[in-house]
Structure formats: structure tokens, C-alpha cells
2 protein chains.
Amino acid sequence: MARKVSRRGGNIVTIHDVARHVGVSPMTVSRVINGEKNVREETRQKVMEAVEALNYTPNLAARSLASQDSSRIALIYSNPSMSFLSELLLGILEQSSQSGCQLTIESCDGPEGVADVLDKLKATGVDGVVLPPPLSDSSRVAKALKDMKLPFVGVATSRPSPDAPSVSVDDFKAAFAMTSRLIQLGHRRIGFIKGNPNSYYSQLRYEGYVAALAKAGLMAEETLVGQGYFTYRSGFDAAETLLVRADRPTAVFASNDDMAAGAVATAHRLGLDVPRDVTIVGFDDTSMASSVWPELTTVRQPISDMAALALKLLLDQIKTRRAGQTYAPVHEIRDFSIVERQSSAPLGEASTTE
Amino acid sequence: MARKVSRRGGNIVTIHDVARHVGVSPMTVSRVINGEKNVREETRQKVMEAVEALNYTPNLAARSLASQDSSRIALIYSNPSMSFLSELLLGILEQSSQSGCQLTIESCDGPEGVADVLDKLKATGVDGVVLPPPLSDSSRVAKALKDMKLPFVGVATSRPSPDAPSVSVDDFKAAFAMTSRLIQLGHRRIGFIKGNPNSYYSQLRYEGYVAALAKAGLMAEETLVGQGYFTYRSGFDAAETLLVRADRPTAVFASNDDMAAGAVATAHRLGLDVPRDVTIVGFDDTSMASSVWPELTTVRQPISDMAALALKLLLDQIKTRRAGQTYAPVHEIRDFSIVERQSSAPLGEASTTE
DNA sequence: CTGAAAGCGCTTACAG
DNA sequence: CTGAAAGCGCTTACAG
């Protein structure tokens, strides 16, 4: 009978095998694996070697059962840009497989739809929730979660809930930096495409743009600002209004990549070359930014990393709570960077790229 | 001490609680939950009610530990379209959270890079692998996996390995149907943008196009066929060659959505209206198809569902093997459909949409 | 710094 | 059709 045949195709290597191999108790092996302090250095070495030699990997199921530590985490998203979502997913998955937690994903229609999802999750049993924008910005959602006493974490939130941890980028500063860069390239008439007005981070990006203009002694002309909703289509439409004018801007800063990609499409349709006739830049650096042509100059937000970290913080929070301690929410700010690609150029300079 | 406080915020409800509530043994409850036959209908009812009433959910960790049934599944992908990947991820995640398996994702650079990933996975311990295209088409990858005796499943494969299950759509038939539809709309000069020549399904889509033309008594003109690589950029470039010509095609069938989106961008850049001046259609119906403007008419492949089913088949396979039985690979064919949106129109008809 | 005992919540294999 | 026993692989809590 092949009962002891492992799921890895060989024989199962358990903590007992390692223990026997080294000549210690399973307990000691457990301690080494979990990086606990009270183990003699020499013993630790030997155990490590045995783990290596036997190619041992802990059984996650056993571990979480024994430690009562298994967590079911739900990622609730609402109509974000798909490219944003994929980056996020990649990061979350990485982390969840490392942490050995069970991941569920649920979609809903905006903050209003969250209640239903929450009911469902309550029935199924979830230990924590990861909230990407725009949900992460909704105080309403935060309140609902708080009422349920369900731990959660916000990713890419500009207005983190005081009760929950969050991971984000300084949207104001990033937009300020990007706008400054455009000014440095010689642009003076710089358009802006806003994101969804309900999102606070959308607001912050706009304010960063205005502040950078002001610092350079420029005015934010209302006619150079278009209203978008973070979708390709909205960028496409908003850009049209900005670009058909005779005194069109020489650069357009769309506040996410999807809208920037839409703006590029519009520019092309209007017979404008990017970046020769108009510079167009985005925000996020999702896959969209480098799949479009010309590839977008954009503000890079390390979405995957941020998502991974967010999940980690959530798990910490859950652990702390289980231990009966109170959890002090951490608000992590990640660095952004400006990635220059082919969609931007100094003012008046002919496109020479390739 | 809050030791018995559940991860769900209330007290843990275990199989014993349910059993006590009904007045049966835990064993009986287990049987009901797992849908086994040998339970009296009346007992089953009562158990079900108790499960409902107590809001019981089985502990996945305990279950997989007891049944020795936990599975670690790796999704290995190589540079697919990001939008395709997200759809896939969504489906896989749905299923993995339902089946309670542990998911890992790994990326690599094409079939050549798989060896490294496999080594890594071998060390970590994995029970099965999900392979999306183009990896799912590579006999080399299939061989490597087979040599490792690692179960795998192909998603969206046109050339399924005889040793592994697969879930796909009939690419030939789908391309045939789409091309026929274009012909039906009055188009006679129909261009085609091929996908990566290494992919067999790319080949099949092309053959479907040619066959449909032939059936209508049309020739596949070589000058109407462009070479792409399934990327936005390649569609953008290939479309240029097709559309700058005076005798340009009136419709272009790009063999995936990313390329179709690129082709639309090119059309716009050349001052052509879509669909008034040229109809452009895609394949897959990823989020790209409906985020671009005009939204793409395309062949819908139910990617999420296919991925979910694929994972299920993989899990079945693993289970069967563990039971020591031999597994006969199933090759599932899903239905495609043609989704008509704004990027296509009858020949010569002015754009009247909206 | 290390170990023996008990138990996490479920299922398998056996007995009735 | 139903149940009592044993065990999955690990960790917690206690003892030394």
C-alpha cells in the first residue's frame, strides 16, 4: 500500500524524520524552523542541514491546525482597472502562498455593494479583508468592517482608516514630482486628467499637480483639466476635449495609466504624434503602461510589493488580536519613482526615439 | 483566556458541536458534509439543519491534514497577455479557495525557462502544475513534467498532451466562425494578424480564418496577413503594414484582443475610423476588449471558467493517482461565442452606433 | 536549552 | 446506515 507516499511524489518527510536524522526531538526541529531563540547554535546548524538534506518542508495544514493559526483572507475589489488588479493579485498570491493563508476573492459594485459581500463572507467565515482602491478609501466600508470586528487592511489608500493598517504611496508627492518633471522638460501648458471624484487619492494627485504648477509660478487653468474616472474610455474622452483646441496643452498628465493609454489613443486619432506633438504621462506603472505604444512615462507604484506587505500586516493584526493584545495600526508609505519611457519628451524637441 | 475564540470572531463551531446538536456521531456529520451516500435521509436533513443553524464551516486545515489531501498547486506562466493572465487568475483563485488547495505562482521566460522553475518547485514541494499558453502548448514542457511525474493540466491548449487533462476551446472553429461572420457582414478583403508562430493555437486560428475564406470562395491573400506576437505592440505594428495600403482590407481579424487593441490604435493614428473605415475584431474577450474604445467585437473564450475547471481536473488527477489508480486524462472543450461590440460593422455602412 | 504529553478538527479504516 | 478508535503533522503549554 502506498499510504505513505507523499503529495510530492516521494515519501513524506515529516518533522519526525528530521528529528531522528539529527538525534533531537521534533520540538527542537520545530523551534529551529520557526526561528525561535532558545536553541543552541550548534543544534540549530545541524537541524538546518538535515532539513536541507532531507528536503523537508513543513506541512502547512498540520501547522495551521496545531497553531490554530489558519486564516481565511478575502480580497474584495470593486471595478478597479484590470491591470491594477492583476498586479495586486500577483503580490497577494505570492504572500498568501508564503504565509499559508487561504485566499478568497469577491467583487462588488462599489462601496454600496460591500454590505452584501460582507454578509456572505460572514456566513462563510473569514478572518480578514484586503481592500484595494476605491474601497480602501471608503469610510463607509471601513465602518462596516469595524462594526463586524473584522480586521482589514487598505492597499494604495490615501486616507487610511485609523483603525486599520495600510500601505500606500504619497500620491500628492508623486503627482507633484511628475508635474515638476514635465515642467523641467520645458512644458508650461500642462493638462491633467482627473480620476474618479469619489476617490480621495484622485483628489491628492490633482492637488500635487496644482502645487507643482504653483511652485513654478504657473496657474492651473481650468480648461486644461479634464474629468476622468480611471478608465481607458474616460481618458480617451477627456483627452479629446483637451487636445482638439488650438491652444492645446503640450503635455497631459493622466492620473492613471488606463486613462493615459486612452489619451494616447485620442492623440493618435487626432493626428498628433506622441511625444513629438504632445507628451502624455500616466500613474501606477501597471502592465498597461508598457503594453501600449509608445510605452508610457509614468509614476511607478510598486503595487505587487505593496499588496504583499498589506497582506502581511493584516496577518500580523489577526495574530495580535487572537493573542488578545490590541493592535496598533501601521501605516506604511512606500517610495514611488518616475519611470521615463517613450511617451514624454522635452518641449519642442522632435521625436528622435528610435 | 480566549483560547477557544475562533478565527471568525465567534466561538469555533466544530464538527463535534454539530454532532452533539443533532445527537449523532461526528462521523455521521462528516459523511453528510462530504456528500457520502450511506446516510439516512432523515439524519441527513437534521445534520444539514444543524450545520445551517450553527453556521458551521469545516476547518480546511484539519480536513486536508486528516485526509492527507492537501495539495500545493503551482501556476507557471510565461509572458502571456496580462489581461489574459488576470482572467485566468480570477478563475483559478475562485476554485482554489473552494477546493482548499494552496496556490503558488511562478513566472518564467518561455518554455526554456521552465526547467529552472521546476527545479525550484521540486525543492519546495508541489503536487501539480497548471499551464496556460504558451507553455501549455510546449511538448518540451510536457515532457519535463512527465519525467518528474508531476501531474499537470493545460488551459487553453490546442495541442493537449496525451498524458495530461486539458480545457480548451476549438480555436479553429472559433476563428472560422468569426471570419464567417465578417464575410456575412459583407467584408471580402479581410486581413488577419497572426499570433506567435511558436504557438499551435495561433496556427489553428489562422487556419480557421483561411478555411472560412475558402468556403466563401475567397483567397487568403498573403499581403493581407500580418505577423504578430500576441502583444499590443505587435498588433499595432502589423496593422500598420496592412492599413497604409491603398487597397487595405475593410476588416482585420487580430487573433487576440491585445493585438486587436493595438490595431485599433494604429487605425486611429492613420486617421481611420473604427468601424466606419475598417472593422477590427479580436479573440479571447479579455478585459482589454471592453476597456478599449471602440469596444472590441471578439471571440469569447470563458477563460475564468476554463481555468477553474482545469484546476478541478488537476485536483482529480492528483487524487486518483494518490489512490494508486491510473488516471485517464480528460480533454474538455468549452464553447466559445462571438460577442459583437462597437468595433465591427457591415461593409460600407456608416458608423451609426450611439 | 531541550523534551514528553496532549490536542488542533477532521477523516480513514474498521467494526457492527 | 452508524459509531469508536486511531492518526494526519504539527505546535502549545508545561516540565525539567
Side-chain angles (χ1 to χ4, degrees), chain A residues 1-8 11-20 22-47 51 54 56-72 100 102 125 319 322-324, chain B residues 1-8 11-20 22-47 51 54 56-72 100 102 125 319 322-324:
Chain A
M1 282 279 68
R3 261 198 93 266
K4 267 275 183 179
V5 162
S6 125
R7 52 178 190 284
R8 268 155 254 152
N11 286 333
I12 289 181
V13 179
T14 76
I15 200 170
H16 287 93
D17 297 321
V18 179
R20 204 175 315 124
V22 184
V24 296
S25 78
M27 206 41 245
T28 301
V29 177
S30 170
R31 279 198 259 266
V32 173
I33 295 165
N34 293 299
E36 280 169 37
K37 288 283 141 203
N38 306 332
V39 181
R40 208 167 30 153
E41 189 47 37
E42 197 193 322
T43 319
R44 176 185 306 282
Q45 281 303 346
K46 279 200 248 169
V47 171
V51 165
L54 299 180
Y56 167 72
T57 25
N59 179 320
L60 255 43
R63 178 181 283 188
S64 48
L65 179 59
S67 61
Q68 295 287 285
D69 191 34
S70 88
S71 299
R72 300 196 210 187
Q102 202 64 32
K319 215 169 191 170
R322 274 188 199 151
Chain B
M1 279 284 66
R3 261 198 93 265
K4 267 274 179 178
V5 162
S6 124
R7 51 177 191 287
R8 268 155 254 150
N11 286 336
I12 288 180
V13 180
T14 74
I15 200 170
H16 287 93
D17 298 321
V18 179
R20 204 175 315 125
V22 184
V24 295
S25 76
M27 207 40 245
T28 301
V29 178
S30 169
R31 281 198 259 266
V32 172
I33 297 166
N34 294 299
E36 280 170 37
K37 289 283 142 203
N38 307 331
V39 182
R40 208 166 31 150
E41 189 47 38
E42 198 193 322
T43 319
R44 177 185 306 281
Q45 283 301 346
K46 279 200 249 169
V47 171
V51 166
L54 300 179
Y56 167 72
T57 25
N59 179 320
L60 256 44
R63 179 180 281 188
S64 47
L65 180 59
S67 60
Q68 294 287 283
D69 193 32
S70 87
S71 299
R72 299 194 211 187
Q102 200 65 33
K319 216 168 188 168
R322 275 188 197 150

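Only heavy atoms go into these numbers, but all of them, side chains included; no hydrogens, no water, no symmetry mates. Labels below follow one simple rule: chain letters A, B, ... track the order of the sequence lines, proteins then strands, and each chain is numbered from 1.
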For the [atom1] atom of [X] and the [atom2] atom of [Y], what is their distance to the nearest 0.5 Å?
X       : Y       : atom1 : atom2 : answer
A/Asn59 : B/Arg72 : CG    : CZ    : 7.0 Å
A/Ile15 : A/Thr57 : CD1   : OG1   : 12.0 Å
A/Ser25 : A/Arg20 : OG    : CZ    : 12.5 Å
B/Arg40 : B/Lys46 : CZ    : NZ    : 7.0 Å

Phosphate contact ([N] OP1 or OP2) by [X] side-chain N/O below 4.0 Å:
X       : N      : value
B/Ser25 : D/dG3  : yes
A/Arg63 : D/dT11 : yes
B/Thr28 : D/dG3  : yes

Interatomic distance where [atom1] belongs to [X] and [atom2] belongs to [N] [whole Å]:
X        : N      : atom1 : atom2 : value
B/Tyr56  : C/dG9  : OH    : P     : 10 Å
B/Leu60  : C/dG9  : CG    : P     : 14 Å
B/Asn59  : D/dG9  : CG    : C1'   : 14 Å
B/Lys319 : C/dT11 : NZ    : P     : 11 Å
A/Ile15  : D/dC10 : CD1   : P     : 5 Å
B/Leu65  : C/dG7  : CG    : P     : 17 Å
B/Met27  : D/dA4  : CE    : P     : 12 Å
A/Gln45  : C/dT2  : CD    : C1'   : 18 Å

Point to revise | Expected output: side-chain A/Ser64 to main-chain A/Leu60 donor-acceptor under 3.5 Å | key: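 Pair found, side chain donor or acceptor close to backbone of A/Leu60.
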Check your understanding: Donor-acceptor pair, B/Ser30 side chain versus B/Pro26 backbone, under 3.5 Å?
Key ->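 Side chain of B/Ser30 to backbone of B/Pro26, a donor-acceptor pair under 3.5 Å: no, none is there.
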Check your understanding: Which of residues 29-44 of chain B sit near DNA chain C, with a heavy atom under 4.0 Å from it?
Key ->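 The stretch gives B/Ser30, B/Asn34 as the residues lying under 4.0 Å from the strand, ordered by number.
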Exercise for review: Side-chain contact test, heavy atoms from C-beta onward, threshold under 4.5 Å: evaluate it for B/Ile33 versus B/Arg63 and give yes or no.
Suggested key: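 Side-chain contact under 4.5 Å: yes.
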Point to revise | Pair partner, C/dT2 [Watson-Crick or wobble, under 3.5 Å] | key: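 Base-paired to D/dA15.
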